[in-house]
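Notes follow the structure.
Start at 1 and go down the list; that is how both ligands and their atoms are numbered. None of these values were measured; they are calculated from a predicted model.
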Amino acid sequence: MNEKLIFDLSRSGRKGYCLSQNDFPEVPLESILPQEHLRKEPPALPEVSESEVVRHFVRLSNMNFHVDKGMYPLGSCTMKYNPKINDYTCSLPGFAALHPLQPETSAQGALRLMYELSEMLREIAGMAAVTLQPAAGAHGELTGILLIKKYHESNGSERRKLLVVDSAHGTNPASAALAGYEIVSVSCNADGRTDLEDLARKLDRDVAALMLTNPNTVGVFEKDIRAIADMVHDNGSLLYMDGANMNALLGITRPGDMGFDVMHYNLHKTFSTPHGGGGPGSGPVAVCEKLVPFLPVPVVEKEEGPEGATYKLTVDRPESIGRMINFYGNFGVLVRAYTYIRMLGAEGLGRVSENAIINANYLLSRLEASFDLPYPKPVMHEFCLSGDRQKKAHGVRTLDMAKRLLDFGFHAPTIYFPLIVSEAMMIEPTETEAKETLDIFADTLKKIAEEAAADPAFVQSAPVTTPVKRLDEAQASRQLNICCF
Ligand SMILES: *Cc1c(COP(=O)(O)O)cnc(C)c1O
């Protein structure tokens, strides 16, 4: 557990490669590169052998927690197991070695993949068109809101407010503010759903749109969604869906059918790409017919010809909001999502959501006696517990119990989110965990609740078996020292 920095493993002259003698004449760099681009001194790189490099990083990966090692019940993040075939397809040289400036004629396969993925996402959303450009969920939100803004502007209407429900993910108000809107919060009621009376009060002629997550971030389905859509549309406003929770809806219902005008996906969540360590994301945006003219350019188009279909990128969209990213989005994530969808097919995608919902409700039924349940059952693909009982009776906080889970080889769930639940613990098992794993997780969390009663000080000192023990989180976030152990 005492892993050194790779620089400390360095020994002068040691190499990780060995090449055969080449028979080309050696040319001094000075003769081919301009003087100002030449280094004065060699770069300070570690000098290590291949086996030292491999072992160093394998040891580090063993100290870390990852979804290939154990369950990751991180609510709202859909940390499902990522099938390895996704990485295989995305590293095929025809995809991995493409250059974004390559002519379209030599990148037909990539363009076709983008076209077909957009079509599949369009169908899953029940909408009119999709852009694949946004690089993450929050970037998709910004794109969607800019589309809404352009729509109102093109109708000669200046609306300045955006409504956001108080259970929403923090990125919702942040994206709306970034697009220049004033945020108005709408509250939710005792069963965790949008409060229709509060919505009616706040929905005035200055409201551009309502942003909603369905199922929302306490895991509850907004069953009044049609009434909400009618209220919003009667007011001339648009309805935005944060689609990060699509893992509950695939093949069961579609945002377009519920009355949403625009939504973003999180491909890295619902359609499986490793994420969470700052890895690449993708947040495609699906829109209804009236927002299509404003979509970002370039758009991938398909043309039927005598020799079959060809694909091209067009920028000829005079009303477009413009580009949202350089080139075409995080292409590797698109390949992974495409592979995942094609592997499962329509029927398989439907079973993903059914199993995600069954897993969440099973786990909830095993845990509800040990913790407070802020909102009534049933839930969709995730659920929210509260650690209030343990805090009041024993002074043990949700943070302490989450840390203690690490000792048992589980990642902690999402905690203290959503903000409207005190001592929140938000759990999303996903469809990829077997019943046996769910049972061990439930037994572990119940055991921790018992420990909290029997020996509160011990739980407050957890974790005790991890490479790094309890950190001072305030100091850690202010003084980022990643080599402190
Ligand atoms: C993850 C998430 C987002 C933001 O997505 P990023 O890809 O992390 O930018 C937005 N809303 C909800 C509900 C989420 O779970």
Side-chain angles (χ1 to χ4, degrees), residues 67 72-80 82 121 125 131-146 162 164-179 183 185 188 192-194 209-222 239-250 255 260 262-286 324-325 329-330 332-334 336-337 353 356 360 379-384 411 413-421 424-430:
V67 80
Y72 222 116
L74 207 52
S76 197
C77 294
T78 310
M79 292 292 224
K80 59 175 73 178
N82 304 286
L121 295 176
T131 172
L132 300 175
Q133 283 190 22
H139 195 207
E141 291 167 20
L142 179 65
T143 306
I145 295 166
L146 291 176
L162 246 149
V164 181
V165 182
D166 63 4
S167 64
H169 195 269
T171 51
N172 289 192
S175 305
L178 200 60
I183 319 301
S185 177
C188 61
R193 297 188 171 87
T194 304
L210 165 67
M211 289 184 92
L212 210 62
T213 313
N214 201 17
N216 62 29
T217 35
V218 296
V220 177
F221 190 79
E222 294 280 359
L239 190 55
Y240 183 99
M241 178 160 126
D242 178 334
N245 291 344
M246 278 303 285
N247 219 46
L249 302 183
L250 299 174
F260 285 99
V262 47
M263 66 167 285
H264 79 264
Y265 284 98
N266 290 58
L267 294 189
H268 45 292
K269 295 181 183 172
T270 315
F271 301 103
S272 81
T273 282
H275 66 285
S282 177
V285 170
M324 287 305 294
I325 197 164
N330 277 331
V333 184
L334 305 182
R336 288 184 179 91
S353 289
V379 293
M380 297 294 285
H381 64 306
E382 63 189 355
F383 60 92
C384 206
H411 195 279
T414 297
I415 57 172
Y416 301 103
F417 175 80
L419 304 176
I420 50 175
V421 174
M425 192 186 299
M426 201 183 159
I427 298 175
E428 178 181 6
T430 84

Query raised in the report: Distance only, no hydrogens: is a donor on one side chain within 3.5 Å (strictly under) of an acceptor on the other, for T273 and H275?
Result: no
Query - Shortest non-hydrogen contact from V285 toward P134 - result: CG2-CG, 4.0 Å
Query - Under the ring pair (Phe, Tyr, Trp, His ring centres under 6.0 Å) test, residues paired with F221 that sit two or more places apart - result: none
Query - Polar side-chain atom of T78 near backbone of K269 as donor-acceptor pair, under 3.5 Å - result: no
Can you give me a line-by-line list of nitrogen or oxygen pairs between ligand 1 and the protein shorter than 3.5 Å?
| from | atom 1 | to | atom 2 | distance (Å) |
| --- | --- | --- | --- | --- |
| ligand 1 | 5 (O) | N266 | ND2 | 2.9 |
| ligand 1 | 7 (O) | G137 | N | 2.7 |
| ligand 1 | 7 (O) | N266 | ND2 | 3.2 |
| ligand 1 | 7 (O) | H268 | NE2 | 2.7 |
| ligand 1 | 9 (O) | G137 | N | 3.3 |
| ligand 1 | 9 (O) | A138 | N | 2.8 |
| ligand 1 | 11 (N) | D242 | OD1 | 3.3 |
| ligand 1 | 11 (N) | D242 | OD2 | 2.5 |
| ligand 1 | 15 (O) | S76 | O | 2.6 |
| ligand 1 | 15 (O) | S76 | OG | 2.6 |
| ligand 1 | 15 (O) | K269 | NZ | 2.7 |

Query raised in the report: Can you name the residues that form a ring pair (Phe, Tyr, Trp, His ring centres under 6.0 Å) with H411, not counting sequence neighbours?
Result: F65, Y72
Report summary line: With sequence neighbours left out, the residues meeting side-chain contact (heavy atoms from CB on, under 4.5 Å) with I325 are Q133, A135, H139
